[in-house]
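Below is one structure; the comments refer to it alone.
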Number of protein chains: 2
Amino acid sequence: MALSGRTVERLSVYRRLLVMQGQSGEESVYSHQLAEMVSGTAAQVRRDLMEVGVTGHSKRGYRVANLIEGISKVLDDPAGTRIVLVGAGDLGRAALGFIKGRNAALRIVGAFDNDPSKIGRVIHGYRCASIDELERVIAAEQVEVAIITTPAGVAQPVCDRLVAAGVRGIVNFAPTPLQVPEGVWVERVDIATALEKVTCLTRSV
Amino acid sequence: MALSGRTVERLSVYRRLLVMQGQSGEESVYSHQLAEMVSGTAAQVRRDLMEVGVTGHSKRGYRVANLIEGISKVLDDPAGTRIVLVGAGDLGRAALGFIKGRNAALRIVGAFDNDPSKIGRVIHGYRCASIDELERVIAAEQVEVAIITTPAGVAQPVCDRLVAAGVRGIVNFAPTPLQVPEGVWVERVDIATALEKVTCLTRSV
DNA sequence: GGTCTGCTGTGAACGATATCACAGGTATAC
DNA sequence: GTATACCTGTGATATCGTTCACAGCAGACC
Ligand SMILES: NC(=O)c1ccc[n+]([C@@H]2O[C@H](COP(=O)([O-])OP(=O)(O)OC[C@H]3O[C@@H](n4cnc5c(N)ncnc54)[C@H](O)[C@@H]3O)[C@@H](O)[C@H]2O)c1
Ligand SMILES: NC(=O)c1ccc[n+]([C@@H]2O[C@H](COP(=O)([O-])OP(=O)(O)OC[C@H]3O[C@@H](n4cnc5c(N)ncnc54)[C@H](O)[C@@H]3O)[C@@H](O)[C@H]2O)c1
């Protein structure tokens, strides 16, 4: 199945909205309702849902439980994804707090730093370990995904270690593009760029 | 000038890399060098640079100082962009620390929270003010851009207040799509989605 | 039962983005 | 001075993503 990155992003958002909607008791949604929530078009929503294989009903729309299950089957690894975080600074702390308990399929199995004053501290329930433990934990827990929240200067060497240790996917918060070999997926979260984009594009609307 | 969002993102990255490169003494770069740094193609880089109007030299490539100036002319508001941040929690703190002193054209003029224990505190050099001051500061400083780092539940009402007060661009960290009227630009920074995207797409590489 | 309404599923048209490929130019080597 | 190598700028082309438009279907209403 060759799902495009764009589609995966939207599916993630749909699911989040649907989980809320499910809590509020609604049993089904129409494509145009989902579209309105994300400021998109109904056709786009239907096409995305088509790709995950869930199917709706001519008059009653899509069953919420059905959608959540179908999307989860595509987005989540059934075995769960084990994740490490490197760089337990301000942003690392925020990320740990955010992920905690959000999606059961995503499990943080280690947080690492090289600052002796951070090592041993417990942050949002996760004990910060020494960066020296990195390779051992990745191997022991079969970690596939890593989050980099170190300063920009060390992001590339940290990335290289992660990849060498077997990590296949990286979420990079450092404001530096990372060089990785074929077969490793990097997702940038670039806050500086987001800000500059807004300041630039706001002026031309 | 109708610069596409994609192009603006890349320009932002080029500039950041060029500023570093400038510090290391290099006077000029070739399109293929920039391309390699961002794992892109040389043709893409040249096209982006063409759009900002800077021009290179057949044999010497592009002059770094020239590029930085040209890109800045497009990305930055010459009058500077005044920014407020709402929600001085973990992520708000990280964002304030990150933006501080990064780009002179971006100036934080206020950080707001509704938690009495946060109000009055100084975070990374910015004093946290009461959310009651929001409209006053936006009007007084002619704020155009806002950063939302509140919990998801209040992101929409906060957004509505910002827009009503005159804000035209928003960087939204809350995991909720925001509804805004025509003429307001929203840039999502969705960490949950980034993680889910990586876990999903890593498995299909 | 027949008609009317309004939703889904999807081929086809469209629009946006990225890549190709090459003409034009300039330094360098000989 | 001529040949060579290698870079930029850009029209043409290919790829990718979104929207259109409509057939098909299911319930509601008479
Ligand atoms: N704060 C933000 O909103 C924000 C936004 C965008 C990008 N970033 C980037 O995210 C990164 C972290 O930001 P922050 O605000 O948390 O900074 P920070 O300085 O608070 O945190 C960085 C942490 O990384 C640790 N570290 C340094 N070298 C290390 C190494 N070799 N191995 C392991 N750990 C190491 C440091 O000890 C520190 O704890 C930076 O690259 C920053 O530019 C931050
Ligand atoms: N931490 C992350 O990495 C991360 C990632 C993605 C998204 N987010 C989102 O960013 C937001 C903030 O995350 P956080 O970890 O900083 O949470 P947090 O609870 O530490 O911070 C939220 C802050 O917002 C303030 N606040 C609440 N209601 C407010 C109101 N009406 N007006 C003004 N301020 C108000 C709270 O007092 C608190 O200080 C959340 O929506 C979270 O889901 C966080």
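Within every chain, numbering begins at 1; the chains are lettered A, B, ... in the order of the sequence lines, protein sequences first and strands thereafter.
- Of the possible polar contacts, none joining the A/Gln44 side chain to the A/Thr41 backbone as a donor-acceptor pair under 3.5 Å is found.
- Among A/Leu178, A/Ile148, A/Asn172, the single residue meeting the side chain to side chain contact (heavy atoms under 4.5 Å, CB included) criterion with A/Val158 is A/Ile148.
- As a whole-Å value, the separation of B/Arg46 CZ from D/dC6 C1' is 11 Å.
- Going from atom OH of A/Tyr30 over to atom P of D/dA26 covers 15 Å, rounded to whole Å.
- Across all strands shown, B/Ser4 has heavy atoms under 4.0 Å from sugar-phosphate atoms exclusively, and none from any base.
- Between A/Glu141 and A/Arg82, no side-chain nitrogen of the basic residue sits less than 4.0 Å from a carboxylate oxygen of the acidic one, so the salt-bridge criterion is not met.
- Computed from coordinates, the A/Asp48 CG to D/dG17 P distance equals 11 Å when rounded to whole Å.
- A/Leu195 has its side chain out of reach of B/Asn103: every pair of non-hydrogen atoms, C-beta onward, lies at least 4.5 Å apart.
- Nearest to the side chain of A/Gln44, among D/dT19, D/dT8, D/dG24, sits D/dT19.
- Each of A/Gly5 and B/Ser31 was matched to the nucleotide of DNA chain D holding its nearest heavy atom; the match closer to the 5' end belongs to B/Ser31.
- With the nearest nucleotide of DNA chain D identified for both A/Ser58 and A/Thr7, A/Thr7 has the one nearer the 5' end.
- Other residues, nucleotides and ligands contribute at most 12 non-hydrogen atoms within 6.0 Å of the CD atom of A/Glu36.
- The nearest whole Å value for the distance from the NE2 atom in B/His32 to the C1' atom in D/dC6 is 8 Å.
- Mapping heavy-atom proximity under 4.0 Å, the span of DNA chain C touched by chain A runs 5' to 3' from C/dT5 to C/dA12.
- For the pair A/Val137 and A/Phe112, the minimum side-chain heavy-atom distance is below 4.5 Å.
- The phosphate of D/dG9 (OP1 or OP2) has a side-chain N or O of B/Tyr62 nearer than 4.0 angstrom.
- Contact of the A/Arg161 side chain with the A/Ile131 side chain is registered, since non-hydrogen atoms from C-beta on lie closer than 4.5 Å.
- Nearest to the side chain of A/Arg6, among D/dG9, D/dC7, D/dT18, sits D/dT18.
- No donor-acceptor contact under 3.5 angstrom links the side chains of B/Arg47 and B/Thr7, judged on distance only.
- Using a 4.5 Å heavy-atom threshold, the side chains of A/Glu51 and A/Leu3 count as touching.
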For nucleotides 11-14 of chain D, give me every protein contact, N/O to N/O, under 3.5 Å, one pair per line with atom names.
from	atom 1	to	atom 2	distance (Å)
D/dG11	N7	B/Arg47	NH2	3.1
D/dG11	O6	B/Arg47	NH2	2.6

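- Using a 4.0 Å heavy-atom criterion, one finds that A/Thr55 contacts the sugar-phosphate atoms exclusively.
- An OP1 or OP2 oxygen of D/dT18 is reached within less than 4.0 angstrom by a side-chain nitrogen or oxygen of A/Arg10.
- Summarising the geometry, the separation between NZ on A/Lys59 and C1' on D/dG24 is reported as 14 Å, rounded to the nearest angstrom.
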